[in-house]
Amino acid sequence: MSFGDPNNPYGQQQGGQPGYGYPQQAPQGVPQQGYGYPQAPPVQPGYGFPGAPVEMPGGVKAARVMLWVVAAFQIIGAIIAFAGMSAVSDAVDSAGTTADTQTIENFGKGILAFIGVLALIFAGLSVALALKMKTGGNATRVCAIVYGAFICFGGIFQLPLGLVTIALGVLIIVFVAKSDGAAWFQRPRA
């Protein structure tokens with residue numbers, strides 16, 4: 001090979017081509033570009049991100065319906081707990097009234113009242129999360145995931161009927177934690 005061969009990488013370079021590693025200068029009248037990728041066109045104000053979901057995904061809608069169902073289950077559980085308080089009184093009255101039976105009655109009523117109030121609190125939380133699914137941000141998503149975990153944990157103490165509650169809790173966690181659910185809760189808001 002001779003030095004005059006244009007395909008020879010070791011040959012002398014022609015006058016117009018700059019060497020490797022040397023910055024190229026733009027001709028006069030053309031603005032200097034920075035290194036890397038060319039700049040993106042400017043985003044028109046008010047339009048936000050182009051890939052943001054406009055409608056609530058089906059999984060998030062399903063999780064919202066499941067939250068309403070769980071709220072109904074919690075309200076039914078609270079009604080049963082408060083009704084059980086009178087059943088405890090009737091059982092103690094039929095056994096005879098002594099100091100020990102009165103203590104047992106009060107203890108039983110206290111436990112049932114605590115369970116009933118706790119069920120109403122969880123029902124209120126479920127309703128609040130279901131209402132916030134449409135407009136809520138990532139904090140709503142995180143709260144729904146944690147609430148689903150509490151539902152699963154509480155369903156363990158209600159077995160075998162708690163299997164439905166556990167299934168609803170797992171499905172709420174899965175539907176809200178999926179990527180389309182994350183995109184819905186992290187979308188830009190006006």
Side-chain angles (χ1 to χ4, degrees), residues 48 52-190:
V54 179
E55 185 179 332
M56 187 185 302
V60 178
K61 286 181 184 177
R64 185 178 182 187
V65 170
M66 289 176 201
L67 284 169
W68 286 110
V69 171
V70 168
F73 283 168
Q74 295 291 341
I75 291 171
I76 291 169
I79 291 170
I80 291 172
F82 291 132
M85 291 173 60
S86 65
V88 168
S89 294
D90 293 341
V92 170
D93 289 341
S94 67
T97 304
T98 64
D100 291 336
T101 56
Q102 191 66 34
T103 303
I104 292 172
E105 177 184 3
N106 292 338
F107 183 72
K109 283 183 174 181
I111 288 177
L112 288 174
F114 175 75
I115 291 172
V117 169
L118 193 64
L120 288 177
I121 289 171
F122 274 101
L125 182 60
S126 182
V127 167
L129 283 172
L131 290 174
K132 201 69 176 150
M133 286 278 185
K134 184 86 171 160
T135 59
N138 199 38
T140 304
R141 177 177 168 253
V142 172
C143 286
I145 291 171
V146 172
Y147 182 72
F150 277 126
I151 292 172
C152 292
F153 182 70
I156 294 172
F157 298 108
Q158 302 168 0
L159 289 175
L161 297 175
L163 289 175
V164 174
T165 308
I166 292 171
L168 288 173
V170 168
L171 288 173
I172 289 170
I173 293 170
V174 168
F175 287 148
V176 173
K178 284 184 358 183
S179 61
D180 61 344
W184 171 255
F185 288 109
Q186 294 172 352
R187 73 194 184 283
R189 288 165 188 76

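A 4.5 Å side-chain heavy-atom check between I151 and I173 finds every atom pair outside the cut-off. Counting only heavy atoms from C-beta outward, the side chains of F157 and I115 never approach each other to under 4.5 Å. Contact check for D180 versus F175: no side-chain heavy atoms found under the 4.5 Å cut-off.
The distance from the CD1 atom of I156 to the CG atom of L163 is 10.5 Å, given to the nearest 0.5 Å. Note that the CG atom of L129 and the CD1 atom of I145 stand 11.0 Å from one another [nearest 0.5 Å]. In this structure, L161 CG and I166 CD1 are separated by 11.0 Å, a value rounded to the nearest 0.5 Å.
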### Message
Under the criterion side chain to side chain contact (heavy atoms under 4.5 Å, CB included), I'd like the reasoning laid out for F185 against V142: C-alpha separation, chi angles, the key distance, then a yes or no.
### Response
CA-CA 10 Å; F185 288 109; V142 172; over 6 Å; no

### Query
After noting the C-alpha distance and the side-chain angles of T165 and F153, does the key distance pass the side chain to side chain contact (heavy atoms under 4.5 Å, CB included) rule?
CA-CA 9 Å; T165 308; F153 182 70; over 6 Å; no

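Minimum interatomic distance between K109 and S89 (heavy atoms only, all atoms of both residues): CE-OG, 2.5 Å. For the residue pair A144 and I172, the shortest heavy atom distance occurs at O-CG2, 3.9 Å. In this structure, R141 and A177 approach most closely via the heavy-atom pair NH2-O, 3.7 Å. For the residue pair S86 and A83, the shortest heavy atom distance occurs at OG-O, 2.8 Å. When all heavy atoms of R187 and T135 are compared, the pair lying nearest together is NH2-CA, 3.9 Å. Closest approach of T101 to V92, counting heavy atoms only: O-CG1, 3.5 Å.
S126 contributes no side-chain N or O that, together with a main-chain N or O of F122, makes up a donor-acceptor pair within less than 3.5 Å.
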Using distance only, find each side-chain donor-acceptor pair of residues 61-73 under 3.5 Å and give its atom names and separation, not counting sequence neighbours.
unit_1: K61; atom_1: NZ; unit_2: E55; atom_2: OE2; d: 3.0
unit_1: R64; atom_1: NE; unit_2: A130; atom_2: O; d: 3.1

